[in-house]
Amino acid sequence: MNSISNVENLSPQTIRHVLREIQGLVESPLEGIKIQLNDADVTDIHAIIDGPAGTPYQSGSFKVKLSLGKDFPQTPPKAYFITKIFHPNVAASGEICVNTLKKDWKPDLGIKHILLTIKCLLIVPNPESALNEEAGKLLLERYDDYSQRAKMMTEIHAQNVKSDSKDGDGEEEGDGADGGPLSKKSAIDKKVQDKKKEKILKEKKRTLKRL
């Protein structure tokens, strides 16, 4: 999924427009979507999408990537899930299949519209255009099995994304700055919790392999 920068191929007008839109999404985030600004390459856009409530993905946070091609916005960007996910419209490579990025693309559709479309895809998958045929078939024929598999993948792969963003708040670092007994106890408790989580994840991975 390594992308080649197309900054030099985009017109200055397009670059300015993309930068303005990204900056706007950073300053006024969409609900459940956090965009990550890449000053070095505006054609490589990353965002974290929280799994919508009421879906098998609701406990996780998913990192997605948009790659703007040299002909953007005349041609749609490529979109990928970096976080592993069990979903009919997401290939093993992470590539996302949605009509907005195919036949329904219009040059005036922006980054905001694409991210909202991907979030909607988590709520309403489209098994008719499945890239993951197994997920599409389960969704249509045995929804409970599909939901269980998607939840398990979410619990295994989509938890660390959220914890990474929390680490950036600096709260844990601040608690431990004085080296007091409370901070030491917190560190020990955290290690115990981490070991428990690791054990649970291993058990879930074993279960997932049997499905």
Side-chain angles (χ1 to χ4, degrees), residues 1-6 30 32-36 38 41 43-52 55-106 109-162 164 201 204-211:
M1 206 191 301
N2 293 332
S3 61
I4 299 172
S5 175
N6 286 300
L30 299 168
I33 301 175
K34 182 180 180 182
I35 199 161
Q36 299 177 318
N38 181 355
D41 186 358
T43 70
D44 183 45
I45 300 167
H46 291 243
I48 295 174
I49 299 178
D50 291 335
T55 73
Y57 312 104
Q58 67 179 2
S59 66
S61 293
F62 300 86
K63 192 166 189 178
V64 298
K65 167 189 173 81
L66 304 181
S67 294
L68 310 187
K70 62 181 181 180
D71 297 321
F72 179 85
Q74 300 308 314
T75 59
K78 294 282 188 183
Y80 303 88
F81 271 91
I82 295 175
T83 306
K84 287 186 179 180
I85 184 172
F86 187 71
H87 190 287
N89 307 112
V90 183
S93 65
E95 183 180 358
I96 300 169
C97 177
V98 62
N99 285 338
T100 298
L101 300 176
K102 305 281 185 187
K103 62 181 182 179
D104 292 343
W105 174 254
K106 296 175 183 176
L109 296 178
I111 307 303
K112 175 182 177 179
H113 184 87
I114 296 168
L115 292 173
L116 287 173
T117 299
I118 294 172
K119 184 179 178 182
C120 287
L121 203 60
L122 294 178
I123 302 171
V124 186
N126 180 11
E128 303 302 326
S129 60
L131 289 178
N132 183 330
E133 292 183 6
E134 182 186 8
K137 190 173 182 182
L138 280 177
L139 176 62
L140 288 171
E141 298 176 2
R142 304 202 308 274
Y143 180 80
D144 288 345
D145 291 344
Y146 159 76
S147 180
Q148 180 189 5
R149 183 85 168 269
K151 281 180 182 177
M152 194 167 292
M153 286 283 284
T154 298
E155 289 169 359
I156 292 171
H157 297 291
Q159 304 301 313
N160 292 334
V161 178
K162 188 172 284 187
D164 286 346
L201 282 179
K204 286 179 177 176
K205 285 180 180 179
R206 284 196 292 269
T207 304
L208 193 58
K209 287 178 181 178
R210 293 196 295 268
L211 291 176

* How far does OH of Tyr80 sit from CG of Leu66, to the nearest 0.5 angstrom? -> 10.5 Å
* Asked: How far does NZ of Lys84 sit from NZ of Lys63, to the nearest 0.5 angstrom?
  -> 16.0 Å
* **Heavy-atom pair with the smallest gap, counting every atom of Ala79 and Leu101** => CB-CD1, 3.4 Å
* Asked: When rounded to the nearest 0.5 angstrom, what distance separates CD1 in Ile48 from CD1 in Ile35?
  -> 11.0 Å
* Asked: When rounded to the nearest 0.5 angstrom, what distance separates CD in Glu155 from NZ in Lys151?
  -> 8.0 Å
* Asked: Are the side chains of Leu30 and Lys112 in touch, meaning some heavy atoms are under 4.5 Å apart?
  -> yes
* To do: Please report the shortest heavy-atom distance between Pro77 and Leu68, naming the atom on each side.
  => CB-CD2, 3.5 Å
* If every non-hydrogen atom of Pro88 is compared with every non-hydrogen atom of Leu139, which pair is closest and at what distance? -> CG-CD2, 3.8 Å
* Do the non-hydrogen side-chain atoms of Ser61 and Asp50 ever get within less than 4.5 Å of each other? -> yes
Which atom pairs, one a donor and one an acceptor, fall under 3.5 Å between side chains of residues 119-129 and the rest of the protein, sequence neighbours left out?
unit_1, atom_1, unit_2, atom_2, d
Lys119, NZ, Glu31, O, 2.7
Asn126, OD1, Glu128, N, 3.2
Asn126, ND2, Ser129, OG, 3.2

* Any side-chain heavy atom of Leu115 sitting closer than 4.5 Å to one from Ile45? -> no
* How are the rings of Tyr57 and Phe62 set to each other: parallel, tilted or perpendicular (split at 30° and 60°)? -> perpendicular
* **Sole residue of Ile96, Thr100, Leu109, Asp104 in side chain to side chain contact (heavy atoms under 4.5 Å, CB included) with Thr117** => Thr100
* Sub-4.5 Å side-chain heavy-atom contact between Ile33 and Leu116 -> yes
* To do: Indicate yes or no for a side-chain donor-acceptor contact from Gln159 to the backbone of Thr154 under 3.5 Å, with no hydrogens or angles considered.
  => yes
* **Gly136 versus Ala130, closest heavy-atom pair with distance** => CA-CB, 4.3 Å
* Any sub-3.5 Å donor-acceptor pair from Tyr146's side-chain atoms to His87's backbone N or O? -> no
* Should Asp44 and Lys65 count as side-chain neighbours, where that means a heavy-atom distance under 4.5 Å? -> yes
* Structure fact -> In this structure, CD of Glu134 is separated from CZ of Phe86 (nearest 0.5 Å) by 4.5 Å
* Are any of the side-chain heavy atoms of Tyr143 and Pro56 separated by less than 4.5 Å? -> yes
* Decide yes or no for Phe81 and Asn89: does some side-chain heavy atom of the first lie under 4.5 Å from some side-chain heavy atom of the second? => no
